[in-house]
Structures are given as C-alpha cells and as structure tokens.
Amino acid sequence: MSTLLLNLDFGEPPPKKAVEGNAKHRKFVRKRRLLERRGFLNKKNQPPGKAPKLNSEPAKKGETSSVDGAWKVSPLPKKKSVASSSGPEQSLDKKAAVPWLTPAPVQKAGSSVGKVDLLGEFQSALPKIRNHPARPHKKGPQKNLTQKNAPQSSSQPHSDDKCSGSSQKMVAIDCEMVGTGPKGHVSSLARCSIVSYHGDVLYDEYVLPPCHIVDYRTRWSGIRKQHMVNATPFKVARGQILKILTGKIVVGHAIHNDFKALQYFHPKSLTRDTSHIPPLNRKADCPENATMSLKTLTKKLLNRDIQVGKSGHSSVEDAQAAMELYKLVEVEWEQHLAQSPPKD
C-alpha cells in the first residue's frame with residue numbers, strides 16, 4: 001500500500017489581481033462603458049479621428065463581444081423587481097426612456113466620432129412653451145398721437161367753399177301751379193323741382209292736384225293736359241317733398257307762394273327768399289326794399305335769360321337760378337342773419 005502525501009499550505013490566500021480592483025472601481029467602469037455605448041462619452045484611449053470598430057450585428061444573449069480589444073461576457077439582464085438595482089444605471093435607463101432625452105444613435109463602424117453637445121440637445125428637446133402675445137410698445141400710441149395732431153391733408157374742403165358745412169343742408173325749390181276752384185283762381189301745385197347747393201336735381205315731378213283743373217296756365221307754368229296722365233297724386237308728392245325739405249335751409253324766389261301751394265310752413269330761420277335780400281338788390285342796382293322778379297335779377301347779375309318764349313317756365317331752371325343768386329351774397333347775408341336772426 002503506497003503512501004499518500006498531501007502538501008497543505010495553511011497560510012494567507014494570494015492577493016487578488018490589481019486589474020480587477022475593488023467594487024467601487026468596477027462600478028465606475030460599468031458606468032463609463034454604459035455611457036460609451038450610448039454615445040455620451042468617447043472611447044478611452046481612442047484617437048479623435050477614428051471610431052471604435054463595432055460588430056455589425058449585436059451579440060446575442062449570453063454570447064461574448066469584444067470591447068476595447070478584450071472579449072467579455074455580456075451581463076445578464078437585471079430583474080425589475082429587485083429594489084437594490086435603483087442605482088445610477090437605473091436612473092440612466094429611465095432617462096433614456098423619456099422621448100425628449102433619447103440619446104444620439106450609435107455610431108456605425110468606420111464613422112468618425114464627433115463631439116456631442118449635450119446642453120444643446122437637451123434644450124432643443126425641451127417642450128416649447130407657448131408665449132403670450134407681446135404687448136404693443138409704448139411708441140405705437142405716441143405715433144398715433146403725432147398723426148392725429150399733424151395737419152390734415154388737402155382732402156379737406158378748401159376755404160373757397162365758405163359755407164361747406166351748411167351747403168350739404170341747403171336746397172333750392174321752385175313750383176309751378178295751375179288754376180283750380182271757381183274760375184281757376186286757386187293756385188294748385190302741378191310741378192315741383194328741388195336742386196342741391198351745386199345745382200343737381202334732387203326732385204322733379206309732375207303733381208296731380210286734388211281738385212279739378214280749370215286753367216293749366218301753360219304760358220307761365222308749362223303744364224299741359226298730357227302731363228297729368230301719369231302725374232304723382234298730391235298727397236304722395238307732398239310727403240316726398242317735405243321729407244327732403246325738413247331740417248334744411250330752403251332757397252327760393254317768392255318762396256311763400258311755393259309753400260302755400262304745398263300747404264306747408266317752413267321755419268323763417270331756415271328760409272332764404274331771393275326776392276327779399278337787400279344785398280342782392282344793391283348788386284343789381286335796384287332799390288333795397290323793392291321786390292324784383294327772378295328774370296330781372298338773373299339777367300342783371302348772372303347775364304342769363306330765363307322764362308323766355310311761350311312754352312312756359314322751367315321749375316328746374318328757376319330753382320338753379322335762385323341758388324346761384326343766393327351764392328352771390330351768401331357770406332354777407334348769412335353774417336347779417338347771424339347778428340339779427342329772424343323770428344318764426
């Protein structure tokens with residue numbers, strides 16, 4: 001029977017290799033490699049112009065892969081239920097799951113590794129905050145104020161139109177009458193014409209009197225029987241005319257006759273009768289208190305002939321002539337009325 005000799009050494013165990021290091025160093029190495037795989041850090045001891053060569057296909061579970069020239073076994077996946085795994089690795093994995101903190105894609109083999117601007121990517125990935133609309137600067141209202149205080153453009157009415165404000169509320173009227181009643185002595189409205197301050201025709205209609213016409217007075221009125229066929233009834237025409245005259249300054253020659261035919265009374269403060277304007281008579285070298293005819297004043301002051309021939313008068317022509325005569329003394333007469341307004 002042979003003898004069995006055992007050489008047992010009960011001394012201290014050999015020290016661990018310095019390469020492995022302690023647990024703190026291994027933890028640091030794992031962190032660094034994780035950041036290197038995610039692209040946040042460059043490979044250690046790698047020239048800036050070259051990138052590490054990686055396998056074209058990822059290693060399968062349990063297989064080995066070469067990193068930094070050394071073959072190492074891929075670690076097993078950690079269980080989610082382990083509470084002790086809530087370390088820096090888990091916090092990095094959670095951040096990677098957030099869409100706006102997703103790291104840059106892994107560099108392909110042979111591509112150069114560029115510098116990663118972590119701050120710029122982080123700021124660009126932040127959700128954009130909707131800003132409230134900016135308030136207008138204080139300079140805006142100041143510009144508007146300067147524009148308001150600036151002299152207005154030449155679109156304003158010129159000073160030549162001395163009564164431009166009142167001209168919009170000023171019209172001239174002339175009416176033609178026919179004879180009704182016993183022997184045709186009653187004057188009834190048969191035509192009415194209204195013109196604006198500038199002579200534009202605002203109204204010109206034949207009017208059918210409510211009574212039977214005895215005398216057409218064609219020589220003066222120009223009214224004939226055929227004019228009454230489609231004439232406007234008196235009540236309708238009167239309503240249309242008064243709608244135009246109400247609130248306006250009305251110019252006319254011997255205008256009281258026109259108002260009488262309309263069965264209407266216009267305020268004296270808004271009435272301008274060219275047959276009773278002393279400055280107009282002075283311009284025509286006529287007595288101030290005399291009542292001159294429209295035909296005479298038009299001939300002397302406007303050098304125009306009206307109411308000629310046997311076809312009768314034109315109410316439009318007479319209204320335009322009355323307005324032109326009034327314009328000759330408008331400023332002087334309005335100043336006189338402002339100092340001593342007529343009483344209604």
Inset, instruction - Only pairs at least two apart or in different chains count here, so list each side-chain hydrogen bond (donor to acceptor under 3.5 Å, both in side chains) that has a residue in residues 311-324. - result: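 Found Arg191-Ser315, Ser193-Ser315, Arg304-Glu324, Gln307-Asp318.
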
Pairing of [X] and [Y] as salt bridge, 4.0 angstrom limit:
X	Y	answer
Glu332	Lys283	no
Asp285	Lys300	no
Glu334	Arg272	yes

Find out whether [X] and [Y] are in side-chain contact, i.e. whether some heavy atom of one side chain is under 4.5 Å from a heavy atom of the other.
X	Y	answer
Asp174	His253	no
Val178	Pro209	yes
Asp258	Ile255	yes
Tyr216	Arg224	no

Legend entry - Of all pairs that satisfy ring-ring contact (aromatic ring centres under 6.0 Å, His included), the ones with a partner from residues 226-246, not counting sequence neighbours: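 Every ring-ring contact (aromatic ring centres under 6.0 Å, His included) pair that includes a residue of residues 226-246, provided the two are not neighbours, is Tyr206-His227.
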
Legend entry - Cation-pi check, Lys327 onto Tyr197 ring (under 6.0 Å, within 45° of axis):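 Lys327 over Tyr197 ring: yes.
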
May I ask whether [X] and [Y] are part of the same hydrophobic cluster, defined by side-chain heavy atoms of I, L, V, M, F, W, Y residues being less than 4.5 angstrom apart, directly or through others?
X	Y	value
Val195	Met170	no
Leu325	Leu270	yes
Met292	Leu328	yes

Inset, instruction - Apply side-chain contact (heavy atoms from CB on, under 4.5 Å) to Cys192 and Ile173, showing your working. - result: CA-CA 7 Å; Cys192 181; Ile173 188 173; 3.8 Å; yes

Inset, instruction - Taking Ser275 for its side chain and Leu294 for its backbone only, find out whether a donor-acceptor pair lies under 3.5 Å. - result: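 Checked: no pair found.
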
